[in-house]
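No experiment lies behind these values; they were computed from the predicted model shown. Whatever order the structure lists ligands and atoms in, that order sets their numbers, starting from 1.
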Amino acid sequence: MRRIFLCLAITGFTLALPLSAQSIQFDQARKLWLLTTAHSSYAMGVAPSGQLQHLYWGPALWRIADVPAASPRADVSSFDPHEMLENEEYAGWGGPRYYEPALKITRADGNRDLVLHYVSGNTDGNKLRVVLKDIRDEIEVTLSYTVYRETDMIERSAAIRNRTKQQITIESAQSATWYMPPGIGYRLSYLSGRWAAETQLNREPIHEGMKVIESRLGHTGHNFNPWFAIDDGSAEETHGRVWFGALAWSGNWRFSIEQTPYRQVRVTGGLNTFDFAYPLRPGEILQTPEFYGGFTDSGFGGASRCLHDLERTHIAPHGLSARLRPVLYNSWEATEFNVDQQGQETLADKAAKLGVELFVMDDGWFGERNTDKAGLGDWFVNKKKFPNGLDPLIEHINKLGMDFGLWVEPEMVNPDSQLYRAHPDWVMNFPGRPRSELRNQLILNLARDDVKEYIFSVLDRLTTEHKIRYLKWDMNRTFSEPGWPEEKPEAQRELWVRYVLNLYDIIDRLRAKHPNLEIESCSGGGGRVDLGILRRVDEFWISDNTEAYDRLKIQEGFSEAYAAKFMSAWVTDVPNTNGRTTSLKYRFLVAMQGALGIGANLNKWLTEDTELATKMVTLDKRIRNTVQNGDLYRLLSPRTNDVTANQYVAKGGKEAVLFAFRHAQQYKTGVAPIRLEGLDPRATYRLESIDRALLEKNSVLSGAYLMGNGISLDLIDDYDGTAVLLHRVE
Ligand code: DGJ
């Protein structure tokens with residue numbers, strides 16, 4: 001590797017260091033920081049006024065001297081004050097500032113002006129902390145930066161501290177503002193959707209004005225996902241400049257994407273300002289969620305791979321030492337609420353024969369839970385269904401060589417439950433107003449510490465008393481009437497934040513006490529998919545829609561931000577969700593692009609189904625390391641092609657796998673050769689087709705040919721699918 005040496009002035013010393021060793025450089029004379037990852041740099045500096053200005057975000061720089069010092073701009077007119085032209089790194093709402101502020105407060109006396117200036121900075125390895133303070137009052141903000149050099153990502157957050165003697169109320173607490181280089185012609189990519197149609201990818205031009213994507217639902221939500229990508233207008237999957245980010249928060253969140261009249265393009269994100277009012281008493285701190293950002297010139301594919309690496313390395317529990325996701329069976333679509341010992345054992349016997357490693361019993365095992373009308377909250381086993389409790393079933397499953405997983409929905413209660421009858425005050429509510437039920441359920445006010453402790457004790461008891469390896473943690477409705485009558489009126493809106501913090505606290509304590517426990521985040525499908533919950537869970541359930549063709553698009557959107565390892569994907573029976581019927585092979589191939597699960601009614605399967613499924617599970621175990629831990633290349637998108645193709649390349653490049661799907665053929669036209677990516681052009685690869693679809697005559701081909709010409713596949717039927725494994729030969 002070429003090593004560049006440069007002189008750095010750090011706290012008075014002058015050091016000669018190779019650039020590759022230094023994630024954070026500080027030019028003390030000009031009060032300027034340069035944060036550098038493997039392929040990107042980010043710079044900010046302090047202007048003579050004390051204002052902290054953003055200076056650069058783009059390809060990696062090796063020379064801090066190139067970055068101009070922060071400097072004041074001149075007013076353009078009395079309508080265009082200089083504050084609007086300066087890229088303030090973390091702007092308070094005060095003075096003549098009209099763009100989206102990062103922090104907005106009201107003091108006890110009604111004074112709302114807040115202007116933040118630099119106080120100090122401190123670097124510790126790959127972490128930087130910069131303290132800002134109001135120009136008059138002891139209202140302080142500590143900005144935190146962590147540089148993840150290998151994964152090309154920067155983590156940002158803000159801690160707001162009230163050092164005054166008066167209470168203040170925070171009306172907006174954002175994690176960060178990100179600036180693109182000044183310009184026009186940018187495009188925004190974001191994920192939107194609804195229940196059973198989550199993570200649909202949108203790409204649209206950014207014009208002057210503001211676009212908001214957000215959740216006001218209490219949880220992350222099905223409607224938007226806290227991820228964005230902005231490109232310079234010309235990026236594609238394989239190349240082009242993309243700035244992107246994702247927020248680690250599972251409650252109300254908000255991104256505002258602005259283009260100002262001064263050609264600034266800025267994204268401000270953090271806690272949603274909707275119905276937000278957070279009192280900060282003297283001495284208190286509000287810590288915002290982490291907002292991760294990255295830059296790549298390797299297109300949208302490159303952006304996704306950075307996030308995937310970050311998630312696997314630094315976000316998800318156990319990091320790179322986490323085990324590969326096992327093949328899972330879940331009983332929900334087979335039985336719905338009709339679970340009982342005999343029925344589950346029969347399914348388990350069949351699942352074990354297929355090679356399943358984790359058997360999950362879904363809803364219906366507890367209280368009077370025979371429909372969705374009753375029982376939520378009563379987390380004790382239903383003795384009519386399981387006369388001797390859960391243990392005989394768990395032992396049966398363990399004897400078959402599988403781990404046992406259990407469905408819970410701890411945040412919820414049905415009015416028809418023992419828990420609600422005992423504690424009607426535990427749900428969020430506005431006294432004297434209706435309590436809106438959705439799916440016949442109400443939400444426990446997890447912001448209350450007594451409710452939090454109760455839920456922790458219930459889950460702790462379950463996981464202590466039974467050999468439960470895995471919890472499917474469900475959450476099946478949005479918030480409504482988010483009242484907290486026991487609190488003082490001015491503190492009641494803390495609920496939006498405290499609910500999430502208490503949720504995190506329960507899971508953190510549970511995992512600390514039961515280190516082997518794994519958790520799936522489910523919220524009626526993909527309603528709680530974000531980096532905040534990913535810190536605490538091993539998989540996401542990304543949609544209740546398990547129809548394979550619909551799923552291709554949902555999975556594509558998910559993959560923009562999240563790695564395949566965290567994408568639980570089931571093979572289910574047909575017709576499903578939208579009435580479409582596809583072959584079992586097609587359904588397996590779609591699901592094998594994530595963490596494979598089976599959610600079908602195995603009692604209805606024919607011998608040939610079982611035989612095929614056994615082969616596919618065996619195949620999945622061969623390729624899952626490549627899929628779950630490898631680099632994803634989205635070769636052909638279901639949004640724009642009649643063929644979808646995704647390729648995964650194992651780290652180190654020894655193995656790769658291509659999945660290809662034909663949606664609908666017309667006129668018997670064949671599929672054009674599919675060009676691969678991410679291979680070594682100088683290496684050769686042995687091709688292994690899982691069926692007869694591979695048309696190549698040569699079974700060994702070079703990376704140069706595979707990427708230059710591509711491979712031809714015989715996908716001629718509607719909803720046809722195949723996979724090709726590549727093994728590096730030399
Ligand atoms: C919604 C989930 O998304 C489903 O997979 C299933 O667990 C049901 N809830 C059970 O009520």
Side-chain angles (χ1 to χ4, degrees), residues 193-199 217-223 225 250 328-340 343-344 347 351 358-379 382 385 404-414 416-417 437-443 459 468 470-478 518-530 533 537-548 550-551 554-555 558 566-573 576-578 587 591 594-601:
R194 59 176 169 79
W195 174 79
E198 298 87 338
T199 51
L217 309 167
H219 65 140
T220 324
H222 297 79
N223 301 140
N225 189 270
S250 313
L328 164 160
Y329 178 81
N330 179 296
S331 62
W332 174 247
E333 293 203 19
T335 63
E336 297 213 331
F337 301 97
N338 297 323
V339 292
D340 61 22
Q344 292 291 298
L347 287 169
L358 170 64
F359 184 95
V360 183
M361 177 161 68
D362 211 280
D363 202 347
W365 60 269
F366 52 91
E368 291 303 312
R369 187 73 168 167
N370 300 312
T371 66
D372 62 15
K373 293 192 171 52
L376 280 179
D378 299 340
W379 300 109
N382 180 313
K385 298 177 181 180
F404 176 71
L406 189 66
W407 181 94
V408 288
E409 193 178 358
E411 298 152 79
M412 299 290 159
V413 66
N414 285 118
D416 185 1
S417 67
E437 290 175 28
L438 294 170
R439 207 195 191 204
N440 310 301
Q441 60 198 58
L442 297 167
I443 313 191
L459 296 172
I468 296 172
Y470 179 97
L471 286 177
K472 175 175 173 180
W473 185 305
D474 208 345
M475 193 273 188
N476 276 305
R477 60 159 293 175
T478 47
E518 296 179 335
I519 299 178
E520 171 182 350
S521 171
C522 171
S523 176
R528 197 181 264 157
V529 173
D530 62 80
I533 203 74
V537 301
D538 305 85
E539 288 183 27
F540 297 119
W541 182 231
I542 70 162
S543 183
D544 279 347
N545 185 340
T546 54
E547 195 286 308
D550 278 4
R551 194 81 183 195
I554 295 171
Q555 293 185 177
F558 176 91
F566 310 117
M567 181 177 82
S568 183
W570 301 350
V571 173
T572 55
D573 291 324
N576 197 330
T577 315
N578 56 21
R587 283 174 270 149
L596 177 65
I598 299 173
N601 187 347

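Contact analysis leaves E520 out of contact with ligand 1, as no non-hydrogen atom separation drops below 4.0 angstrom. Look at K472 and you'll find a heavy atom under 4.0 Å from some atom of ligand 1.
Residue contacts with ligand 1 for E336 are absent, since no atom lies close enough (heavy atoms, distance under 4.0 Å).
Nearest protein heavy-atom neighbour of atom 3 (O) of ligand 1: D544 OD1, 2.3 Å. Remark: minimum distance from atom 11 (O) of ligand 1 to any protein heavy atom is reached at D363 OD2, 2.6 Å. Summary of contacts: the protein heavy atom closest to atom 2 (C) of ligand 1 is D474 OD2, 3.2 Å.
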List the steps and the verdict of ring pair (Phe, Tyr, Trp, His ring centres under 6.0 Å) for W332 and F337. CA-CA 8 Å; W332 174 247; F337 301 97; 5.1 Å; yes

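Atom CZ of R369 sits about 6.5 Å away from atom CD of E409, to the nearest 0.5 Å.
Below 30°, between 30° and 60°, or above 60°: for Y329 and F359 the angle between ring planes is below 30°, a parallel geometry.
Considering N476, N545, D544 in turn, D544 is the only one that fulfils the side-chain contact (heavy atoms from CB on, under 4.5 Å) rule with W195. Of the candidates L596, L358, I598, L328 forms a side-chain contact (heavy atoms from CB on, under 4.5 Å) with just one, namely L358.
Judged by distance alone, the side chain of N414 and the main-chain N or O of D372 form a donor-acceptor pair under 3.5 Å.
For ligand 1, the atoms closer than 4.0 angstrom to any heavy atom of G525 are 3 (O). For ligand 1 and C522, the ligand atoms under 4.0 Å from any heavy atom of the residue are 2 (C), 3 (O).
For the pair R439 and ligand 1, the shortest N or O to N or O distance falls below 3.5 Å.
When D362, N476, T546 are ranked by how near their heavy atoms come to atom 6 (C) of ligand 1, first place goes to D362.
Using a 4.0 Å cut-off between charged nitrogen and carboxylate oxygen, D416 and K373 do not count as a salt-bridge pair.
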